[in-house]
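Source: prediction; values computed, not measured. Below, chains carry the letters A, B, ... as their sequence lines are ordered, and counting in each starts from 1.
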Amino acid sequence: MKAVLDAWREKALNQPRTILVGKIDQLWAQRYAVAIDDLNPLYFDLEAAAAAGHPTLIAPPNYITTLRDEQQPGPVEAELLPDGTRRDTRPEVPGLVVMGGGQEITFHAPVYCGEAILAEKETVDIGTREGRSGEMIVVVEEVRYRNDAGERKVTLRNTALYRLIEDHNDHT
Amino acid sequence: MITPNSLRRSGDSQTTISDIHVGMMLPELIKVPSTTMLFRFSAVTWNAHRIHYDQPYALSENHPGTLVQATMHGAFLLQMLSRFIGPKGRLISIQYSNRGRAIPDDTLTCGASITAVNSEQNEVLCDIWERNQHRHICAKGEARFYLPSSR
């Protein structure tokens, strides 16, 4: 585990990069809301949004924080890890699996449908924690979203939890 | 089809800062995520992680079934908060950690308790949580929001 940690820290820590989230598409933002059965009028009804002081429809508050990588058509399936996650997110270690650990989100301004969004993304901490099933690697990423006019929108600190499963069968 | 009637299910009423006091509990939000909900959430967020839609694969990672996405727990908490603060309220921040796993057809209850009110800045702080039908915590944390002075 220590060798994995050292290599991971060397490769990933403190290397901020800009990612292009792109235009917040009204249809997909609304599909996100519908997927979780959250029919807030501010996401669907222009009159309701205007009455609340918004220039147009807003996206659900954590829609943008699910978009933590450059938004592109890919990766193609052949570039995914056996668990379906992106190959560029972690070292390729057999049996290393991941799940979400939590989020800390600061909302500076609403994210409006139609806005073009950029973000600075940075891995800010890679540590360990003892979990119920043994030692876990805890990776914290910070993503600072802004629109193309430079207005701060949302700051996210996302925690991912990794653990090693001995003799894991990928079922591929 | 989404109709004006269906939109009235949330976000209509307006809470003001004078409606609030420390110790007050927010109205609970109950969600029962289905397999379809998990699939559509993964699809719309371009998330191909197999633990959320591939049951044999999820079991191979020692999960009890396909897992509700960590960010879906956050989305439920935010939905509860947004319904309470109304259209003129504003979320300032949320922090939550995922403490327990959930699978399709679990009954998840989101709740919150107000811990501080700043009437000068119209800001409210609250503890937040999400429990399953066995009262086990799936997510917990803290949120801060702004409320207007009048409706």
By a 4.5 Å heavy-atom criterion (distance strictly below it), what part of [X] contacts chain B: side chain, backbone, both, or neither?
X	value
A/L80	side chain
A/R163	side chain
A/V154	neither
A/A29	neither
A/T106	both

Taking [options] one by one, which has the highest count of heavy-atom pairs under 4.5 Å against chain A?
options	answer
B/E142, B/K88, B/E61, B/Q95	B/E61
B/I92, B/L81, B/T71	B/I92
B/I94, B/N62, B/T45	B/I94

Please report the interatomic distance OH(A/Y145) to CD(A/E115), rounded to the nearest 0.5 Å. 14.0 Å
Heavy-atom distance under 4.5 Å between the side chains of [X] and [Y], does that happen here?
X	Y	result
A/K153	A/N147	yes
B/H49	A/M99	no
B/W129	B/S113	yes
B/V68	B/L38	yes
B/R83	B/P27	no
B/M80	B/I128	yes

Got a donor-acceptor contact below 3.5 angstrom from the [X] side chain to the [Y] backbone?
X	Y	answer
A/D83	B/R50	no
B/S82	B/Q79	no
B/T115	B/L125	yes

Taking CD in A/E130 as the centre, count heavy atoms belonging to other residues, nucleotides or ligands within less than 6.0 Å. Is the count above 12?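 More than 12 heavy atoms, drawn from other residues, nucleotides or ligands, come within 6.0 Å of this atom.
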With a sphere of 6.0 Å drawn around OH of B/Y146, does it hold more than 12 non-hydrogen atoms of other residues, nucleotides or ligands?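 Yes, because the 6.0 Å sphere around OH of B/Y146 holds more than 12 heavy atoms from other groups.
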I need the minimum non-hydrogen distance between B/G86 and B/Q14, along with the two atoms involved. C-OE1, 3.6 Å
What residues of residues 98-111 of chain B sit under 4.5 Å from chain A when you count only heavy atoms?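 Under the 4.5 Å heavy-atom cut-off, B/N98, B/R99, B/R101 qualify.
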Under 4.5 Å from a heavy atom of chain A, the part of [X] involved:
X	value
B/L91	both
B/M37	both
B/H63	side chain
B/L29	neither
B/F76	side chain

Would you mind telling me which of A/H108, A/R31, A/Q30, A/Q103 has the largest number of heavy-atom pairs within less than 4.5 Å of chain B?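 The candidate making the most pairs under 4.5 Å is A/Q103.
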Quick check on side-chain hydrogen bond (donor to acceptor under 3.5 Å, both in side chains): which of A/E120, A/K121, A/R144 does A/T18 satisfy it with?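 One option only clears the test, and that one is A/E120.
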Inter-chain contacts: residues 58-74 of chain A against chain B, heavy atoms under 4.5 Å: A/P61, A/N62, A/T66, A/R68, A/Q72, A/P73, A/G74
Could you label the plane-to-plane angle of the A/Y32 and B/F41 rings as parallel, tilted or perpendicular, counting under 30° as parallel and over 60° as perpendicular?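 Ring orientation of A/Y32 relative to B/F41: tilted.
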Checking A/W8 against A/V139 for the side-chain contact (heavy atoms from CB on, under 4.5 Å) test, could you report, in this order, the C-alpha distance in whole Å, the side-chain angles of both residues, the deciding distance, and whether it holds? CA-CA 10 Å; A/W8 201 336; A/V139 177; 3.6 Å; yes
